[in-house]
Amino acid sequence: MTYSGEVTVGGPADVHELKDLMITKIAVGPMNNNAYLLRCRATDEQLLIDAANDAHALLGTIGDDGIASVVTTHQHGDHWQALAEVVAATHARTYAGREDAEGIPVATDVPVDDGDVIRVGNVELTARHLVGHTPGSIALVYDDPHGHPHVFTGDCLFPGGPGRTTRPEEFNSLMDGLETKLFEVLPDETWIYPGHGNDTTIGTERPHLAEWRARGW
């Protein structure tokens, strides 16, 4: 089956099979959050991005192999509702952006800064700190050596624009970060996996940067 990235709460997961990495996307909870299970194909080690809600569904997706780590993209409550239960069941290491760690009610084992590398088996994910949606939001970039990059953006980038901000300075900061750390360095083919809703690509969104700047959201 071809991966579409279109998932619904209570429906089946969708699996994006890359040469070195399997990405399983599942939608959970009343705010239609996306959670992503990454599996290194060489080692079978697994990492979960955002234990957002419905620990039962997440643990069922994780399966008997468990997870070595779980990354929380930012401190907003809809992205960690199942974190305590998932960590208790799997004993996974926890990662979150340094500036958001205090806002997550499960201890962060590894505070993450811009440029830090998080590994799942033989696969490396590079963290990009993006300030604006929250002080410590992080995106995770997988630069696939066999193809184009893949980026897990949390709530910092969606189809159609950046994540929600409340003040102009937050919006400008988020846009600056998105432009310098993602749009200026990644090719159009880069696949974007957001914290809610459908996937997109850098190339799809790039033509609209000036429009987003002009509208201010």
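All values below come from the heavy atoms of this structure, side chains included, with hydrogens, waters and symmetry mates left out.
Shown here are the side chain to side chain contact (heavy atoms under 4.5 Å, CB included) partners of Val7, two or more places apart in sequence or in another chain: Asp14, Lys25, Ala27, Asn34. Shown here are the side-chain hydrogen bond (donor to acceptor under 3.5 Å, both in side chains) partners of Glu179, two or more places apart in sequence or in another chain: Arg213. Scored by the side chain to side chain contact (heavy atoms under 4.5 Å, CB included) test, Ala68 finds Glu45, Arg93 as partners (sequence neighbours excluded). For Asp116, there are no side-chain hydrogen bond (donor to acceptor under 3.5 Å, both in side chains) partners at least two apart in sequence or on another chain. Partners of Ala42 by side chain to side chain contact (heavy atoms under 4.5 Å, CB included), not counting sequence neighbours, listed by chain and number: Cys40, Asn122. Among residues two or more places apart in sequence or in another chain, the side chain to side chain contact (heavy atoms under 4.5 Å, CB included) test is passed with Arg215 by Pro162, Glu211, Trp212, Trp217. With sequence neighbours excluded, no residue forms a side-chain hydrogen bond (donor to acceptor under 3.5 Å, both in side chains) with Asn172. Take Asp65 and apply the side-chain hydrogen bond (donor to acceptor under 3.5 Å, both in side chains) test, not counting sequence neighbours, and it matches Arg39. Taking Glu170 as the reference, Arg167 meet the salt bridge (charged side-chain N to carboxylate O under 4.0 Å, His left out) condition, with sequence neighbours excluded.
The list of salt bridge (Lys or Arg N to Asp or Glu O under 4.0 Å) pairs with a residue in residues 139-159, not counting sequence neighbours, is empty. Pairs engaging residues 81-103 under the ring-ring contact (aromatic ring centres under 6.0 Å, His included) rule: none recorded [sequence neighbours left out].
Cluster partners of Leu58, using a side-chain heavy-atom cutoff of under 4.5 Å among ILVMFWY residues and allowing indirect links, are Ile26, Val28, Leu37, Leu48, Leu59, Ile62, Ile67, Val70, Trp80, Leu83, Val86, Val87, Ile104, Val106.
His196 contributes atom NE2, which lies 8.0 Å from atom CG of Asn32 (distance to the nearest 0.5 angstrom).
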